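The structure's right below; bear with me while I get my questions together.
Naming: A, B, ... by sequence-line order, numbering from 1 per chain. Computed from a predicted structure; not experimentally measured.
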Amino acid sequence: MSEDLGRLLDHAITGTGTVRVERQGATAEVEVVEADRLAVRILRVRVSGESTRGVRDTAARLPDACRGLPERIVPVEVAPELGGAVLRSAPRDVVDREYFEVRTDGKTTDIERIHAAPGVERHAVPFTLTREALARIVGKVAG
Amino acid sequence: MPLNIDQDVQRFRNIVKGRVRKDLKRFMSEGEMIGKQGDKYVKIPLPEINIPRLRYGKNEAGGVGQGEGEDGEKMPGDGQKAGDQPGEHEYEAEVSLEELAEILGEELKLPRIEPKGRKQVTATHDKYTGIARIGPNSLRHTRRTFQASLQRQVAAGAWSPERPMLVPTREDMRFRSWKAKQEPQSSAAILYVMDVSGSMGKEQKEIVRLEAFWIDTWLKANYKHLETRFIIHDAAAKEVDRDTFFRVKESGGTLISSAYTLIERTILDHYPPEEWNLYVFQFSDGDNWSASDTKICMEMLRDRILPKVNLFAYGQVESEYGSGQFLQDIAGGFSDDERVVISRIADRSAIMASIRDFLGKGR
């Protein structure tokens, strides 16, 4: 089911804008900046589902699910009592103050690339994934 | 003839102080002295200073060219070449915390702290101020006793200058007596608050440790009686000892309001604001969990914490992930408030400027 969601998303991405696909209660939404035959430039990926895993378990499996990202992500703040968790690129992978940030509340997971220049408010910047990697990530996060 | 050793010691102390002064920024950012901290002194490694000293040889050892062997004979050994690099000499000078505070104050041009115009804590001291006719023998005042004896004998006409002899009687005895004196004493309490959530790394904590050392040093020089408390928080806050404060690592989310609640409770339970000069130093990477919690924090700060403290200092330590929003939130809400100081600490090199920000107001 989850792999299907990834494949479905891949077929749905044909140009720029927000692309949303749904399959058996799981939803994937991607803000596409640019796309070609091989790769997609993305501002944000959001995957929602009916997971009953809870915040801690979801946070524990996200590093593996997001292995398709160019940087390894690690749990930074896991707070079931606050209803969420934040994972980011491992500190040694952070270059030029840009890193991946994955936020989850156990049901919805957002993936963004953040730029954190000194004196400037943090903001999301586009990042590039191959279509194959995007489909795999979405599939695994949904699963 | 008096020895000149005191003069030499003083001269040496001045050299050490000059060296500390010159390298103050490095000392502030490296913290090598903090690991060698005693109650009253810190040891500062000063590799450039060599202490000259006399070395005595053995009289029987002969001199150059006095050993066994013939002219031109090779010396035993594996033939290694002599070194051509200078050896490392490291001297550790002891500097008292008062001296360090003085250097810090002078270098950063810090104003002396003016305690709040509130009631000061009084401490009781016993002071020998008078003379009593009764008391223990251990407190007998010999001169006054003999004076009284002389007066009595003169008054009675029993005093003979030709045969001066004083025999104090029981009525002549005089004893030192003391009074308990209440003296005003400025007291201060520092509450260090640190975010130990998962986003605060080892380096960020080290920066906080260095800052705390210098803040402590300065405030100790300004207050006779200083108490320090340590509060850590992620989603929940708790009070810990100094050692735990700098070592603990949690992985929870950041809820700054939990710390503010504990700050207020600590003040109310232990430090009545009318008697204490209170300082709060909060350190975080500024990543509060939610905007709604930040709103709660701002209200607590304005209504329940600031009216009780001399100074609320917020230091935002940057990590690999940059810096959060909380600094802007405080700056936006309290930029005109004299009691609030904020400082952005990008890395270790920013510690000196940050200390100046925090302590430069003389509050």
Side-chain angles (χ1 to χ4, degrees), chain A residues 44 54-63 66 69-125 127, chain B residues 195-206 232-238 249-259 284-294 296-297 316-329 331-332 342-350 353-354:
Chain A
R44 190 186 66 177
V55 171
R56 199 176 291 281
D57 285 352
T58 306
R61 59 183 291 280
L62 277 173
C66 294
L69 292 173
E71 291 163 12
R72 192 167 58 94
I73 58 160
V74 293
V76 174
E77 294 189 354
V78 182
E81 68 277 25
L82 300 175
V86 181
L87 296 90
R88 287 174 176 159
S89 301
R92 64 167 175 228
D93 291 344
V94 178
V95 180
D96 294 336
R97 292 185 174 259
E98 279 194 16
Y99 55 91
F100 283 99
E101 184 170 278
V102 181
R103 287 181 177 268
T104 184
D105 62 4
K107 293 195 186 313
T108 302
T109 301
D110 286 327
I111 304 171
E112 288 178 308
R113 185 152 181 84
I114 303 293
H115 183 68
V120 182
E121 208 169 310
R122 287 173 182 158
H123 58 278
V125 291
F127 60 100
Chain B
D195 169 5
V196 292
S197 64
S199 54
M200 284 283 283
K202 207 174 165 188
E203 175 65 8
Q204 285 70 46
K205 289 203 188 86
E206 180 62 13
I232 56 169
H233 76 93
D234 51 5
K238 60 186 168 192
K249 165 100 179 158
E250 308 279 353
S251 62
T254 312
L255 216 53
I256 297 177
S257 65
S258 66
S284 171
D285 61 357
D287 271 332
N288 204 8
W289 190 263
S290 66
S292 61
D293 189 65
T294 299
I296 294 169
C297 291
Q316 189 153 299
V317 192
E318 283 194 23
S319 67
E320 296 86 356
Y321 307 119
S323 197
Q325 176 66 26
F326 201 72
L327 184 132
Q328 280 98 313
D329 294 325
I342 54 174
S343 177
R344 184 189 290 273
I345 312 158
D347 51 31
R348 287 174 181 232
S349 66
S354 170

Taking every non-hydrogen pair under 4.5 Å, which of Ala346(B), Ala236(B), Gly324(B) racks up the most with chain A?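 Greatest number of close heavy-atom pairs with chain A: Gly324(B).
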Tell me whether the count of non-hydrogen atoms from other residues, nucleotides or ligands lying under 6.0 Å of NZ in Lys107(A) goes above 12.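 Counting other residues, nucleotides and ligands, NZ of Lys107(A) exceeds 12 neighbours.
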Which residues, numbered in order, of residues 93-106 of chain A come under 4.5 angstrom of chain B by heavy-atom distance?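 Listed by number: Val94(A), Arg97(A), Tyr99(A).
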Highest number of heavy-atom pairs under 4.5 Å with chain B: which of Pro80(A), Pro91(A), Ala79(A)?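 Top count of heavy-atom pairs under 4.5 Å with chain B: Pro91(A).
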Can you establish whether the number of heavy atoms outside Arg56(A) located under 6.0 Å from its atom CZ is more than 12?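 Incorrect, the count does not exceed 12.
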Is it the side chain or the backbone of Ala90(A) that comes within 4.5 Å of chain B heavy atoms, both, or neither?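 Backbone only.
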Closest contact, heavy atoms only, Leu82(A) versus Thr254(B):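 Answer, listing the atom of Leu82(A) first, then Thr254(B): CD1-N, 4.4 Å.
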Minimal non-hydrogen separation, Glu81(A) against Ala235(B), with atom names: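 Here Glu81(A) and Ala235(B) meet closest at OE2-CB, 3.2 Å.
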First locate atom CD of Glu320(B), then atom CZ of Arg92(A), and finally report the distance between them rounded to the nearest 0.5 Å.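 Result: 12.0 Å between the selected atoms.
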List the atom of Ser199(B), the atom of Glu77(A), and the distance in Å for their closest heavy-atom pair.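 So the minimum-distance heavy-atom pair works out to OG-OE2, 2.8 Å.
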Which bit of Ala117(A) comes within less than 4.5 Å of chain B, counting heavy atoms only: side chain, backbone, both or neither?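 Neither part.
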